[in-house]
2 protein chains.
Amino acid sequence: MASKRRLSADERERLIARGAVAFFCEVGFGGQTRELAKRLGVTQPLLYRYFPNKEALIDRVYREVYLNRWDPRWEELLDDDSRPARERIIAFYRDYAKAVLSYEWIRIFMFSGLRGMNLNSRYLTLVRDRIYTRVIREVRREYGMPSPAEVPIGELEFELVWALHASIFYIGIRKWIYGLEIPENVDEVVEKLATSFLDGVPAVMARALEGAPKTRAARPRRGRERA
Amino acid sequence: MASKRRLSADERERLIARGAVAFFCEVGFGGQTRELAKRLGVTQPLLYRYFPNKEALIDRVYREVYLNRWDPRWEELLDDDSRPARERIIAFYRDYAKAVLSYEWIRIFMFSGLRGMNLNSRYLTLVRDRIYTRVIREVRREYGMPSPAEVPIGELEFELVWALHASIFYIGIRKWIYGLEIPENVDEVVEKLATSFLDGVPAVMARALEGAPKTRAARPRRGRERA
DNA sequence: CCCGCTATCTATCGACCGATCACCCAAATC
DNA sequence: GATTTGGGTGATCGGTCGATAGATAGCGGG
């Protein structure tokens with residue numbers, strides 16, 4: 001009644017994969033194949049025609065959700081010297097927030113983390129290397145501080161960018177995991193958060209830079225610089 | 001070998017409850033009672049002498065973790081007029097971070113959220129009503145803005161405090177869910193985040209207050225005030 | 001030292017769940 | 001319209017898991 005009975009192999013596989021994403025990100029990877037099949041309007045053994053076992057199906061869900069999430073234009077955007085750094089950073093975070101604050105992404109990300117996958121850490125290492133470094137570079141430049149080439153990025157600076165990242169991502173957690181209400185206009189909030197970051201952070205960064213140009217590999221300690 | 005064979009009912013129950021917390025916060029609530037029993041060094045049916053079923057065991061875990069997490073002194077601390085507001089807020093967040101950034105809390109909180117419990121929203125509503133309101137009140141006073149009695153707290157103000165909360169809580173998520181490295185000295189980072197909040201936020205808050213004293217129940221819109 | 005209480009164990013049930021296999025039938029081909 | 005191909009189903013197996021019941025054994029009171 002709902003859909004054609006016989007589909008081409010490709011079509012059916014895509015349908016199953018799409019359904020699996022929706023299903024597992026709702027109930028978690030403990031969800032049963034029979035229940036998934038029911039939602040898809042097919043019988044459970046059919047899943048095993050397209051995927052050798054449940055784990056393969058889950059892998060496919062990961063692939064489906066993790067790939068195609070990264071937008072290579074983000075890096076270009078942050079590198080685009082024709083626009084003011086401030087504007088670029090805000091534009092990036094607005095875009096990033098839009099990509100990341102979705103039911104599927106937030107929940108799959110959490111589920112995979114809790115399951116002990118290292119997908120999260122791999123993804124976030126990418127974010128740190130490709131995004132955070134650029135954001136910090138631009139903030140430094142904007143405020144006349146030394147470039148990362150001159151003074152390597154310190155732990156505290158990464159923490160400050162982490163904090164911005166967190167405050168955006170947590171909006172999604174509040175909504176899609178805790179089930180809380182969030183502001184209607186998320187765009188506006190994200191912009192305000194980025195603005196607040198750009199306004200407030202340089203002071204802290206400057207303080208850190210003047211006293212302690214420490215790299216990630218801890219430098220030898222010789223007494224405490226003033227806080 | 002490991003422990004006495006026969007324990008008193010109370011003792012055994014506490015042992016099971018403690019073990020259940022450790023177990024379920026590691027593997028999630030899908031964990032098997034047999035595995036839990038094995039870790040406790042007892043047989044699986046023994047669990048059912050102390051808890052009628054698995055769900056009751058899980059409920060107990062929730063109770064064990066959620067209760068005793070709230071420190072009533074937090075409110076007193078934030079209300080204590082004898083200390084400068086700035087100092088109080090920083091002291092509170094350092095304390096709060098210490099209470100909240102634990103393996104058990106972070107993971108149980110996430111698991112319960114993903115499971116669709118409303119424990120999270122109930123807990124966080126408490127946090128908002130008891131903590132956020134006080135923080136905002138103090139920030140307002142510190143910077144000579146009208147009190148919440150005069151001008152009700154706006155959505156944006158809550159969002160800013162949410163952001164600070166998020167950036168602290170996310171440190172725990174990074175460590176205990178994603179398995180990432182975090183700074184050795186979390187205390188220091190939390191202090192810097194709170195400081196950065198106190199330095200950067202008032203400007204945004206003031207801007208919001210001057211233009212729009214909106215309550216949580218949306219006020220009628222009549223054109224846009226300047227951003 | 002023996003008895004009774006009960007904490008704990010062994011054995012097992014019934015439902016569930018992932019996976020398999022033999023079979024069916026819709027659609028493409030000639 | 002007969003044949004072939006392969007998408008789809010029904011039935012079922014073996015293992016897992018929550019839960020139960022009866023047997024066992026450690027501890028306290030007399």
Side-chain angles (χ1 to χ4, degrees), chain A residues 1-64 111-112 114-117, chain B residues 1-64 111-112 114-117:
Chain A
M1 200 74 86
S3 55
K4 285 187 308 187
R5 308 242 322 160
R6 278 173 78 98
L7 300 180
S8 79
D10 280 7
E11 228 172 328
R12 179 63 75 190
E13 192 199 287
R14 269 194 297 274
L15 226 61
I16 291 177
R18 233 170 41 85
V21 170
F23 176 65
F24 285 125
C25 82
E26 180 181 334
V27 306
F29 296 112
Q32 310 163 9
T33 54
R34 278 177 175 79
E35 176 64 22
L36 167 58
K38 192 190 290 182
R39 293 203 192 185
L40 286 166
V42 297
T43 56
Q44 180 240 10
L46 188 62
L47 305 179
Y48 289 86
R49 182 175 188 83
Y50 295 92
F51 297 91
N53 49 45
K54 188 181 177 182
E55 200 52 36
L57 198 52
I58 292 175
D59 277 2
R60 175 58 180 272
V61 169
Y62 282 137
R63 244 184 295 282
E64 203 83 12
F111 276 126
S112 65
L114 287 166
R115 231 179 165 231
M117 307 276 99
Chain B
M1 202 77 82
S3 55
K4 285 188 308 188
R5 309 246 320 164
R6 272 175 83 99
L7 300 180
S8 79
D10 280 7
E11 227 172 327
R12 178 63 72 192
E13 191 198 290
R14 270 193 297 274
L15 226 61
I16 291 177
R18 231 170 41 86
V21 170
F23 176 66
F24 285 125
C25 83
E26 180 182 334
V27 306
F29 295 110
Q32 311 164 8
T33 54
R34 278 176 176 78
E35 176 65 21
L36 167 58
K38 192 190 289 183
R39 294 204 192 185
L40 286 166
V42 297
T43 55
Q44 179 242 9
L46 188 62
L47 304 179
Y48 288 86
R49 180 172 189 82
Y50 295 93
F51 298 90
N53 50 46
K54 188 180 177 182
E55 200 52 36
L57 198 53
I58 291 175
D59 276 2
R60 176 60 180 273
V61 169
Y62 283 137
R63 245 185 294 282
E64 203 83 11
F111 277 126
S112 65
L114 287 167
R115 228 177 168 235
M117 308 276 97

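Residue numbers start from 1 in every chain, and the chains themselves are labelled A, B, ... in the order their sequence lines are given, proteins ahead of strands.
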For this session: Indicate, with a heavy-atom threshold strictly under 4.0 Å, whether A:Tyr50 touches base, sugar-phosphate, or nothing.
Result: sugar-phosphate

For this session: Whole angstrom is fine here: how far is it from CG in B:Leu46 over to C1' in D:dG18?
Result: 15 Å

Exercise. Which whole-number value in Å describes the distance from B:Leu36 CG to D:dG18 C1'?
Worked result: 13 Å

Exercise. Do A:Leu46 and A:Leu40 touch side chain to side chain, with heavy atoms closer than 4.5 Å?
Worked result: no

Exercise. C:dA7, D:dA19, D:dG7: which one has an atom nearest the side-chain heavy atoms of B:Lys54?
Worked result: D:dA19

Problem set entry | Rounded distance in Å - CZ (B:Arg34) to P (C:dA11) | 13 Å

Exercise. How does each nucleotide of nucleotides 20-30 of chain C score, in 5' to 3' order, for protein heavy atoms under 4.0 Å: base (B), sugar-phosphate only (S), or none (-)?
Worked result: BB---BB----

Exercise. Quick one: are B:Lys54 and B:Phe24 in side-chain contact, heavy atoms under 4.5 Å?
Worked result: yes

For this session: Report yes or no: is there a donor-acceptor pair, N or O only, under 3.5 Å between the side chain of A:Arg49 and the base of D:dG6?
Result: no

For this session: Tell me which nucleotide among D:dA19, D:dT9, D:dG8 gets nearest to the side chain of A:Val42.
Result: D:dT9

For this session: Grab the CG-P distance between B:Leu7 and C:dC9 for me, whole Å please.
Result: 10 Å

Exercise. So do the side chains of B:Arg115 and B:Ile58 get within less than 4.5 Å of each other, counting heavy atoms only?
Worked result: yes

For this session: Please step through side-chain contact (heavy atoms from CB on, under 4.5 Å) for the pair B:Leu57 and B:Ile16, ending with a clear verdict.
Result: CA-CA 9 Å; B:Leu57 198 53; B:Ile16 291 177; 3.9 Å; yes

Problem set entry | Residue B:Arg12, side-chain atoms from C-beta onward, closest of D:dT9, C:dT8, C:dC9 | C:dT8

Exercise. Between A:Leu47 (CG) and D:dG7 (P), how many Å, whole number?
Worked result: 15 Å

For this session: Calculate the interatomic distance between A:Lys38 atom NZ and D:dT9 atom P; express it in whole Å.
Result: 14 Å

For this session: Enumerate the residue pairs fulfilling side-chain hydrogen bond (donor to acceptor under 3.5 Å, both in side chains) with a member in residues 13-30 of chain B, sequence neighbours excluded, ordered by first and then second residue.
Result: B:Glu13-B:Arg60, B:Glu26-B:Arg39

Exercise. What is the distance from CG of A:Leu40 to C1' of D:dG8, rounded to the nearest Å?
Worked result: 14 Å

For this session: Look at A:Thr33 and C:dG18 and indicate whether a side-chain polar atom (N or O) is within less than 4.0 Å of OP1 or OP2.
Result: yes

Exercise. Separation of B:Asn53 atom CG from D:dA19 atom C1', in whole Å?
Worked result: 9 Å

Exercise. Given the rule in the side-chain contact (heavy atoms from CB on, under 4.5 Å) test, do A:Asp59 and A:Phe51 qualify, once you have shown the distances and angles that lead to the verdict?
Worked result: CA-CA 10 Å; A:Asp59 277 2; A:Phe51 297 91; over 6 Å; no

For this session: Take the angle between the ring planes of A:Phe29 and A:Tyr62 and call it parallel below 30°, perpendicular above 60°, tilted in between.
Result: tilted

